[in-house]
Protein chains: 2
Amino acid sequence: MAEPHRRTVRDLRRSNRSTVLTKLYFEGPLSRQELGPLTGLSSGSISNVAGELIADGLVEDAGSVDSDGGRPRTLLRVAPGSGQLVGVDVGETRVRVELFDLTLTELARADLPLPPDGHDVERVVRLIGEGLQQVMRQVPSATGLLGIGVGVPGIVDSGSVVHGQTIGWDAVPLGSLLRASGQLPLDIPLFIDNGAKTLGRAEMWFGAGRGARNAVVTLIGSGVGACVIADGVPYQGASSSAGEWGHTVLQVVGGRPCRCGSRGCLEAYVGAEALLERWRERGGTWAAPDEEGALAELLAAADAGPLLDETAEYLGAGLADLVNLFNPERIVVGGWAGLLLGPRLLPAVREAAASYALRHPFAGTSLVLGQLGPDAVTVGAATLPLARFLEAGGAVRGRVATASG
Amino acid sequence: MAEPHRRTVRDLRRSNRSTVLTKLYFEGPLSRQELGPLTGLSSGSISNVAGELIADGLVEDAGSVDSDGGRPRTLLRVAPGSGQLVGVDVGETRVRVELFDLTLTELARADLPLPPDGHDVERVVRLIGEGLQQVMRQVPSATGLLGIGVGVPGIVDSGSVVHGQTIGWDAVPLGSLLRASGQLPLDIPLFIDNGAKTLGRAEMWFGAGRGARNAVVTLIGSGVGACVIADGVPYQGASSSAGEWGHTVLQVVGGRPCRCGSRGCLEAYVGAEALLERWRERGGTWAAPDEEGALAELLAAADAGPLLDETAEYLGAGLADLVNLFNPERIVVGGWAGLLLGPRLLPAVREAAASYALRHPFAGTSLVLGQLGPDAVTVGAATLPLARFLEAGGAVRGRVATASG
DNA sequence: CTACTTAACTCACGCCTTGAATTTAGCCGT
DNA sequence: ACGGCTAAATTCAAGGCGTGAGTTAAGTAG
């Protein structure tokens, strides 16, 4: 419990390996010389640690910069091919399995359709296993699988048990089931987290959240969610269900009923499903069979102005709550509906948020659109074992892990 | 930036000193034998570290438990007198300075009244200095001052700069001013934080929040605030203003105007000031000149039922937001008004919160009343240097620190 | 008084970081 | 081509730390 491993002198080395590896991962090729000040380690230790990492194949030479006179600095970088990661997205209509190298460049992908009624647990487990075998077959050189991350729709408790109302899962021990299925290599670290949260992680690592230590990634799709990053790490709460922004109360008296059973939730105004319903109530119609098409038609409609303005007002109020409660330096608006609505709504949303939020924290917050599409769930999922890998200084291979991070 | 001090082998010792000291502080007298498993250290290291701490006077013998046969275990505890702490509460009407021993038992106190118009910065600085000298004079044996914590009304940025709307402070560099005043010993760690947050810390360390890692301490007084504890540490946000729960939006359409300039804030319904105003609008009257007396009269009035029920509804919705967003294991309702209203309102509030919050996170949250009165601000303030002291394994004396934690 | 039991201490061993001294690697002027 | 120069990278002695087995200390039971 109390701070994991840092008692012995060997943990020190592990920790130093980790900082060096992490710095190299995020701040590109660096010379040993730069690494010193950046990590706070002495030149001697940098040499030692770097030498070890190179010997382990995790770090490689990346050319050198020649200075006028004097030995040129050798640049070091994380070797992309020294390990692979798998990200899985259990979506509404399909299971997607993607294989990445260490820099999260895609190596292979497999999409396995799911029937409409289809979130039968056993089937999902089987599809994940199949997808995994497919991508591994496509890339025979992938011999150093470092871990698997799975994004699922629902609340993930204890890093393994899934409660998914929308797909009819109640306390499904997905982690154990996957392990027991025999479909995935034993001894490979397995991580499970909510899909929205993995998407948030992806935005933080590679998208609009990059560099921020305190941020909120909002995800507006059919419903509404959020991923809160506190001091650089996703905040989970007591039972990993923190960030349920969609059911923030915005209207105690006279609130619209929400599908969660309550009234006046943000999601009852701003989610795509609710937005379309509100348009229908006002006489709006659309031709597209799917929500995305319908929402696009709504946006294009001449008479949707008042509805959109009202939506911006509610969204602004919801964002103001985030500003007041979390005081983030950045709020990223993501999710397919958020990205669709964003360009049209953002100015009005900003104005509304400014009026509802406190001046001081609002002034320190920037409100931006997400840079990654909804497909980044797999990237974010792969980020889970990657984070563990970096934290452990690259010493994970073959070790079992279950906790989510 | 990246994880403060843990590179060298001496930092390891510091860290282990810290865990031993912290365990002893919170889990009472312990034998070396128990300390081993609890800290993950070997018997040899426990002996070493304990010996060092005893030699430094920070830890002392606390008797022994005799077992049948075999050498009895010696119990160890933190020596209460090995250091003192000062907590300061800059309140509405007075500055209070309190001197504590290491277990936060009060040794002396000084109350210095502040005139009604009186939050002139220089005067406050002078009063703090005077109070400090008074308490130090009262306890001549207090020769090991470990640090000073100050709780102020307002947002504290960078651990030193205060923005206090209510007292007319705009970016006041209180930390520098105090140091420059010459009124307090140099080289003594000084910490400044929002008074509500220090109260929250006090509840977490010694009150209703004890033992929880994820909790929210709400503070309902004239206004409404909250202190969020994420993974055991108070969450600050990007500019230390996280937890501004009072201005959560509960009524977008038709919301009551709030003193913050917005509309529909929680504080516009639930704060004592707003509650009394709402009572007045409904024809309520009271005799007491102060808010506390007035609120007591309101509670006793026969016809305040509907108003209180409505208040419970709003408060419940506000708490539900906290449950959904933070997923705490515990919510503590504190602040003078909260403690006054609590016994009457809590059942209805709980019911309302249950209806607005999501089932899963709500089921994991307990809603309890605070155990400490509003006077605990000084205790919470003293907790700031104490936390630093424990983190540093007792090696702080004489070192300067400014960051808040 | 002896045998037994358990707590606490000691110390050889292996590992770590530091920082100065040393080696390595490329550039420049002659 | 060659030595001189500069700066990067490595090496290594010194100082520390935690571990865990062995040793000493401090009681009880008979």
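As the structure is a computational prediction, the values presented were derived from the model and not from experiment. Labels below follow one simple rule: chain letters A, B, ... track the order of the sequence lines, proteins then strands, and each chain is numbered from 1.
- In this structure, A/Asp61 places its CG atom 13 Å from C1' of D/dA8, rounding to the nearest Å.
- Per the geometry, CG belonging to A/Asp11 stands 15 Å off C1' belonging to C/dT17, to the nearest Å.
- One atom, CZ of A/Arg13, and another, C1' of D/dG18, lie 16 Å apart when rounded to the nearest Å.
- Spacing between atom CD of A/Glu34 and atom C1' of D/dA9 amounts to 14 Å, rounded to whole angstrom units.
- With sequence neighbours left out, the side-chain hydrogen bond (donor to acceptor under 3.5 Å, both in side chains) criterion links A/Thr105 to A/Thr103.
- By the side-chain hydrogen bond (donor to acceptor under 3.5 Å, both in side chains) test, A/Ser239 is found to be paired with B/Asn327, residues two or more places apart in sequence or in another chain being considered.
- The side chain of A/Arg73 places an N or O atom within less than 4.0 Å of a non-bridging phosphate oxygen (OP1 or OP2) of D/dA8.
- The phosphate of C/dT18 (OP1 or OP2) has a side-chain N or O of A/Ser42 nearer than 4.0 angstrom.
- In this structure, B/Arg14 places its CZ atom 14 Å from C1' of C/dT17, rounding to the nearest Å.
- In this structure, the side-chain hydrogen bond (donor to acceptor under 3.5 Å, both in side chains) partners of A/Arg17, at least two apart in sequence or on a different chain, are A/Glu52, A/Asp56.
- With sequence neighbours excluded, the residues that form a side-chain hydrogen bond (donor to acceptor under 3.5 Å, both in side chains) with B/Ser31 are B/Glu34.
- For A/Leu12 and A/Pro72, each mapped to the nucleotide of DNA chain C holding its nearest heavy atom, the one lying further toward the 5' end belongs to A/Leu12.
- Residues forming a salt bridge (Lys or Arg N to Asp or Glu O under 4.0 Å) with B/Arg77 (at least two apart in sequence, or on another chain): B/Glu60.
- When rounded to the nearest whole Å, the span between CG of B/Asn16 and C1' of D/dC17 equals 9 Å.
- Counting only N and O atoms by type, the side chains of A/Asp231 and B/Tyr235 include no donor and acceptor under 3.5 Å apart.
- What separates CG of A/Leu41 from C1' of D/dA8 is a distance of 17 Å, to the nearest Å.
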Is there any protein nitrogen or oxygen under 3.5 Å from a nitrogen or oxygen in nucleotides 10-12 of chain D, and what are the pairs?
{"unit_1": "D/dT10", "atom_1": "OP2", "unit_2": "A/Arg32", "atom_2": "NE", "d": "3.0"}
{"unit_1": "D/dT10", "atom_1": "OP2", "unit_2": "A/Ser47", "atom_2": "OG", "d": "2.4"}

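- Each of B/Ser31 and A/Gly40 lies near DNA chain C, and the nucleotide nearest B/Ser31 is the one positioned closer to the 5' end.
- Remark: B/Arg10 is not in phosphate contact with C/dT17, judged by side-chain N or O atoms under 4.0 Å from OP1 or OP2.
- For D/dA7, neither phosphate oxygen OP1 nor OP2 lies less than 4.0 angstrom from any side-chain nitrogen or oxygen of A/Gln33.
- Side-chain nitrogen and oxygen atoms of A/Thr74 include at least one within less than 4.0 Å of the OP1 or OP2 phosphate oxygen of D/dA9.
- Atom CG of B/Leu30 is separated from atom P of C/dA7 by 14 Å (rounded to the nearest Å).
- Taking the ring centroids of A/Phe206 and A/Phe26, they lie at or beyond the 6.0 Å cut-off.
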